[in-house]
Protein chains: 2
Amino acid sequence: MVETRKALKLLREQGYRITTPRRQVLGILAEAQRPLSPYEIQDMLKEKGEYLNHVTIYRVLELLCSLNLAHKVLLAGGFVICSLGESRGCHRFVVCRECGRLKEYASEALCAEETEMAEQLGFRAEQHFSEFSGVCATCQK
Amino acid sequence: MVETRKALKLLREQGYRITTPRRQVLGILAEAQRPLSPYEIQDMLKEKGEYLNHVTIYRVLELLCSLNLAHKVLLAGGFVICSLGESRGCHRFVVCRECGRLKEYASEALCAEETEMAEQLGFRAEQHFSEFSGVCATCQK
DNA sequence: GTATTAGTGCAATAATATTGCATTTGTACC
DNA sequence: GGTACAAATGCAATATTATTGCACTAATAC
Ligand SMILES: [Mn+2]
Ligand SMILES: [Mn+2]
Ligand SMILES: [Zn+2]
Ligand SMILES: [Zn+2]
């Protein structure tokens, strides 16, 4: 996981301010380690007695995603913190179709394969995001 | 593309009725060949002087997706008709981040790679859906 | 501490999605 | 072709999610 601390550092470097809402959202995502919707994030903050307007949450998430500090995971319908510090252009997820649990990983091999495929289809691949679904260890029982 | 005719046949075989709304939605998706949201589908029908309640559209799409006759393409935020007749468990998309254009394809190699990856992460892969983004031929200019 | 302006909250509105129930329509059977 | 039955649709109400403009707040630089 890109720890919260490093994420904040990166924000600074990019010229963004370190604000309470940004800390809070990053904190929640880091704890959760599963996809959360904007309103779920709001609810989890409420449980701690903290409050954020949903508009703010949307805007924070938009920023985090633009910097690849978080991702919108579409199969699971929510946002997760990026768990790969390094791999700039490659962010992949397996999502359990039962429980929604997910894992992020990166793969050179897949990138190569996809890039080739893309070319055949007339596309130039840039960022590799992929998601696919399966059944996690727990749910296989 | 799974032509509309074949899709309807499959519906019958599965015990579903061939209804006007189902024909209409399939027709629109087949023409469009790009992701359409439920409300976009409704709008396109209106232009033909046809009307469908949005609830019906949601329900039709749900059915089509459950049978893999259509897919929800998440990066592009809409539904497309499946353009691969055969490949049951493998449906992949490249989506242009500029214009939203997309192509569906299948790949044995990617499936193998992902299945292996999944196992390492404790998942059992079943259906392979993946999406990744790039820039299409047109938008590269 | 003060000035500057990025960032937040609020209120209003828009867009999208879901549910229960009455009505219609597709299909099987005659 | 007509009829019976269940599946599918439409409607109305409601819930949820997302977006916008603007006034106010607070993070940073000095
Ligand atoms: Mn990542
Ligand atoms: Mn397909
Ligand atoms: Zn699971
Ligand atoms: Zn394009």
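Letters A, B, ... are given to chains in the order of the sequence lines, protein chains preceding strands, and every chain is numbered from 1.
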*Asks:* Less than 4.5 Å apart, any side-chain heavy atom of B/Leu63 and any of B/Val60?
*Replies:*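 Side chain of B/Leu63 against side chain of B/Val60, heavy atoms only: no contact under 4.5 Å found.
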*Asks:* Are A/Val73 and A/Phe132 linked, directly or through intermediate hydrophobic residues, by side-chain heavy-atom contacts shorter than 4.5 Å (ILVMFWY only)?
*Replies:*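 In one cluster with A/Phe132: A/Val73, no.
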*Asks:* Could you go through the salt bridge (Lys or Arg N to Asp or Glu O under 4.0 Å) check for A/Glu114 and A/Arg92 one step at a time?
*Replies:* CA-CA 12 Å; A/Glu114 282 183 356; A/Arg92 301 172 181 280; 3.2 Å; yes
*Asks:* Same cluster for B/Leu67 and B/Ile57 if Ile/Leu/Val/Met/Phe/Trp/Tyr side chains link at under 4.5 Å?
*Replies:*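 Cluster IDs for B/Leu67 and B/Ile57 match.
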*Asks:* In whole angstrom, give the distance that lies between atom CG of B/Leu8 and atom C1' of C/dT27.
*Replies:*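 In whole Å, C/dT27 C1' and B/Leu8 CG are 15 Å from each other.
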*Asks:* Quick one: does B/His54 reach the base of D/dT9 with a side-chain donor-acceptor pair under 3.5 Å?
*Replies:*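 When only heavy-atom distances are counted, B/His54 does not reach the base of D/dT9 through any donor-acceptor pair under 3.5 Å.
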*Asks:* Would you say CD of B/Glu108 has more than 12 non-hydrogen atoms from neighbouring residues, nucleotides or ligands within 6.0 angstrom?
*Replies:*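 At most 12 heavy atoms, drawn from other residues, nucleotides or ligands, come within 6.0 Å of this atom.
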*Asks:* Quick check: do B/Pro38 and B/Leu61 have side-chain heavy atoms less than 4.5 Å from each other?
*Replies:*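 Yes, their side chains come closer than 4.5 Å.
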*Asks:* What nucleotide, of C/dG9, C/dT16, D/dC11, holds the atom closest to the side chain of A/Asn53?
*Replies:*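 Of the candidates, C/dG9 comes closest.
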*Asks:* Please report, rounded to the nearest Å, how far the P atom of C/dT16 is from the OH atom of B/Tyr58.
*Replies:*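 From B/Tyr58 OH to C/dT16 P: 7 Å.
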*Asks:* Heavy atoms under 4.0 Å is the rule here; annotate nucleotides 21-30 of chain D 5' to 3' with B where the base is hit, S where only the sugar-phosphate is, and - elsewhere.
*Replies:* B-----BS--
*Asks:* I need the minimum non-hydrogen distance between B/Pro21 and B/Thr56, along with the two atoms involved.
*Replies:*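 Shortest heavy-atom separation between B/Pro21 and B/Thr56 comes out as CB-CG2, 3.7 Å.
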*Asks:* What integer distance in Å separates B/Lys72:NZ from C/dT16:C1'?
*Replies:*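 Distance check: B/Lys72 NZ to C/dT16 C1' gives 10 Å.
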*Asks:* Among D/dG10, C/dT16, D/dT19, find the nucleotide with the atom closest to the side chain of B/Leu52.
*Replies:*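 The answer is D/dG10, which lies nearest to the side chain.
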*Asks:* Using whole Å, report how far OH of B/Tyr51 lies from P of C/dT24.
*Replies:*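 Going from B/Tyr51 (OH) to C/dT24 (P), I get 15 Å.
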*Asks:* Whole Å only: how far is the CD1 atom of B/Ile57 from the P atom of D/dA8?
*Replies:*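 Taking atom P of D/dA8 as the reference, CD1 of B/Ile57 is at 17 Å.
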*Asks:* Take the protein atom CD1 of A/Ile41 and the nucleotide atom C1' of D/dT16, then report the distance between them rounded to whole Å.
*Replies:*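 In whole Å, D/dT16 C1' and A/Ile41 CD1 are 16 Å from each other.
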*Asks:* If I take atom CZ in residue B/Arg22 and atom P in nucleotide D/dG10, what distance separates them, rounded to the nearest angstrom?
*Replies:*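 Rounded to whole Å, this separation is 11 Å.
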*Asks:* Roughly, in whole Å, what's the span from OH in B/Tyr39 to P in D/dT17?
*Replies:*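 For the pair B/Tyr39 OH and D/dT17 P, the rounded distance is 14 Å.
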